[in-house]
Amino acid sequence: RWQELFNGADSAILFNSHYVKDTATLRYLYWAPTAEERRKKLMPFTWNYIAEKGKLWGNRYFENQVSVANPWHYSYAGYNELLTGYADWKIITNKPKVNKNSNLLSYLNSLPKYRNSVALFGSWELFSYIVNGSKEKIPLNCGYQETTDDSLSFAERAVNYIEKHSDHNELPTRSDMLTFTLASEYIRKNHPNVVYIGFGETDEFAHLGEYDNYLNQANLFDKFLAELWNLVQSDEFYRNKTSFFITTDHGRGRKPNTWTTHGPLTGGSAEIWLMQLGPQIEPLGEIKGKASFNTEQFAQTIAGYLGSVFVADHPVAKAIAGNALAYKGAIQNSPSYK
């Protein structure tokens, strides 16, 4: 939730024994008197590095609003909106159904510049339905899918073994650590130009009402960001040429008794956030000015950074004004229905 990202642990939930088994330990780990201290304890890389070198959008206390445009506020609808630039009202549930909408990743893979250099790694198994309905298929690994390659690394073989023998491998979402490991290995070995990584365990722990594990997973996600940034900055192929675009598929309930869920009837479910980091990103830190944009604008914005305009067989929302810096024509010329 944007509430934890910008304010750290929520006292109304943190000290509730219904949601936290060991409130004393969680107080030590994540509590502090001010929001600035709490958010640094929860996500230190975000607030010590991204806040200095990048941009953070979505703190609604400053009327800085980032939202999903679809009315349903479920994961499939949110990821479709993010990856296709189109808030399709017909996508209502999280049923495993092939997405007919064209997505940005497949489009980029169809261009000579990015051919065979786009990949997706996701903890949630439904990513295979969300992005590979397009004719242009991309390499992906999601859920408890086995990694197949002629030259698997030790880490990849280890993940295959863990997945095969896991007591949870029938679940739709695998451990984010496994997703992170596979994505990192693929990046090191293959040097793709565009990579989408979708983590999912904060959502899983929230639905279970486990605020302790939810916070721990948010803290681990922050470590993933730090390690991925160190990976690209340590590699000549990526160093000072790579941008991160970090967001989420939906928000959650605002209240202490609704934070576990999301959907069209849960207030706060449309409220999300965006973080940007990289050489194309002006280092403005936390944006405190009044602003409003939504997820369906992200696809065209990302295309602009990559020097392209996303063209699809459905309407595509315009890029966020002032963000398509790498391709000046993207804002003016992008297809739009807004």
Side-chain angles (χ1 to χ4, degrees), residues 68 70 72 74-150 152 156 159-160 163 169-176 178-187 189-200 203 245 247-250 295-296 298-300 302-303 306 308-317 335:
V68 295
N70 76 81
W72 310 116
Y74 294 124
S75 291
Y76 198 132
Y79 288 126
N80 168 77
E81 183 179 336
L82 166 63
L83 291 166
T84 71
Y86 175 44
D88 188 345
W89 284 38
K90 297 189 296 295
I91 297 176
I92 300 173
T93 69
N94 287 337
K95 289 183 179 179
K97 184 178 179 181
V98 173
N99 190 3
K100 296 180 180 179
N101 297 321
S102 302
N103 66 80
L104 175 64
L105 300 178
S106 295
Y107 175 75
L108 291 171
N109 196 52
S110 72
L111 303 178
K113 183 178 180 181
Y114 297 109
R115 167 70 64 180
N116 299 323
S117 194
V118 180
L120 181 150
F121 294 85
S123 295
W124 194 33
E125 66 180 8
L126 262 67
F127 277 113
S128 62
Y129 294 90
I130 295 169
V131 302
N132 263 351
S134 305
K135 293 180 180 179
E136 184 71 36
K137 306 293 184 181
I138 62 169
L140 65 80
N141 185 287
C142 56
Y144 281 89
Q145 180 181 344
E146 181 183 12
T147 300
T148 56
D149 194 328
D150 292 336
L152 292 178
E156 289 168 327
V159 170
N160 278 345
E163 289 184 343
N169 58 18
E170 297 300 320
L171 296 176
T173 303
R174 71 178 166 203
S175 165
D176 287 341
L178 300 179
T179 300
F180 168 76
T181 301
L182 291 177
S184 300
E185 285 296 294
Y186 189 90
I187 291 168
K189 288 170 60 177
N190 299 286
H191 290 104
N193 284 304
V194 180
V195 181
Y196 181 95
I197 306 174
F199 297 114
D203 183 66
F245 198 95
T247 189
T248 186
D249 53 324
H250 55 68
T295 309
E296 65 180 352
F298 292 175
Q300 200 63 269
I302 294 169
L306 295 171
S308 183
V309 173
F310 177 34
V311 179
D313 54 6
H314 53 70
V316 177

Could you point out which residue of I91, D313, L83, I130 forms a side-chain contact (heavy atoms from CB on, under 4.5 Å) with N101? I91
Minimum heavy-atom separation for P192 and V195, please, with both atom names. CG-CG2, 3.3 Å
Give, for atom CD of E146 and atom CG of N160, the distance between the pair rounded to the nearest 0.5 Å. 4.5 Å
Distance (rounded to the nearest 0.5 Å) between R115 CZ and L108 CG: 11.5 Å
Mind checking what makes salt bridge (charged side-chain N to carboxylate O under 4.0 Å, His left out) contact with K189, not counting sequence neighbours? D149, E156
Yes or no on side chain to side chain donor-acceptor pair (under 3.5 Å) for S75 and D249, after CA distance, side-chain angles and deciding distance? CA-CA 6 Å; S75 291; D249 53 324; 2.7 Å; yes
List the atom of Y74, the atom of I92, and the distance in Å for their closest heavy-atom pair. CD1-O, 3.1 Å
Using the ring-ring contact (aromatic ring centres under 6.0 Å, His included) definition, which of the options F127, Y186, F121 pairs with Y196? F127
Contacts of Q145 meeting side chain to side chain donor-acceptor pair (under 3.5 Å) (sequence neighbours excluded), chain-then-number -> none
Shortest non-hydrogen contact from F199 toward Y79: O-OH, 3.9 Å
Y114: what forms a ring pair (Phe, Tyr, Trp, His ring centres under 6.0 Å) with it, not counting sequence neighbours? none
Taken in chain and number order and not counting sequence neighbours, the residues that satisfy side chain to side chain donor-acceptor pair (under 3.5 Å) with T295 are none
Check side chain to side chain donor-acceptor pair (under 3.5 Å) between T247 and all other residues, then give those that pass, not counting sequence neighbours. none
Applying ring pair (Phe, Tyr, Trp, His ring centres under 6.0 Å), can you list everything that pairs with Y144, at least two apart in sequence or on another chain? none
Which atoms form the tightest heavy-atom contact between I197 and A183, and what is the distance? CD1-CB, 3.7 Å
Here the pair of heavy atoms bringing R174 nearest to T179 is NE-OG1, 2.8 Å
Run the side-chain contact (heavy atoms from CB on, under 4.5 Å) test against I302 and tell me which residues pass, sequence neighbours left out. L104, F245, L306
S128: which residues meet the side-chain contact (heavy atoms from CB on, under 4.5 Å) condition with it, sequence neighbours left out? L140, C142
Run V131 and N99 through side chain to side chain contact (heavy atoms under 4.5 Å, CB included) and show every step you take. CA-CA 7 Å; V131 302; N99 190 3; over 6 Å; no
Result for side-chain hydrogen bond (donor to acceptor under 3.5 Å, both in side chains) between N70 and one of H250, E81, E296 points to E81
Counterpart residues, side chain to side chain donor-acceptor pair (under 3.5 Å), relative to D176 (two or more places apart): S123, Q217
Using modelled atom types only, decide if a donor and an acceptor are shared between the side chain of Q300 and the backbone of F310 within a distance under 3.5 Å. yes
Ring pair (Phe, Tyr, Trp, His ring centres under 6.0 Å) partners of Y129, counting only residues at least two apart: none
Starting at CG of L126, measure out to NZ of K97 and round the result to the nearest 0.5 Å. 12.5 Å
Which value, rounded to the nearest 0.5 Å, describes the distance between N116 atom CG and N190 atom CG? 11.0 Å
Sequence neighbours left out, what passes side-chain contact (heavy atoms from CB on, under 4.5 Å) with K90? Give chain and number order. Y86, D88
Holding to ring pair (Phe, Tyr, Trp, His ring centres under 6.0 Å), I want the full list of residues that pass it with Y76, two or more places apart in sequence or in another chain. none
Tell me the closest heavy-atom pair linking I138 and N132, and the distance in Å. N-OD1, 3.4 Å
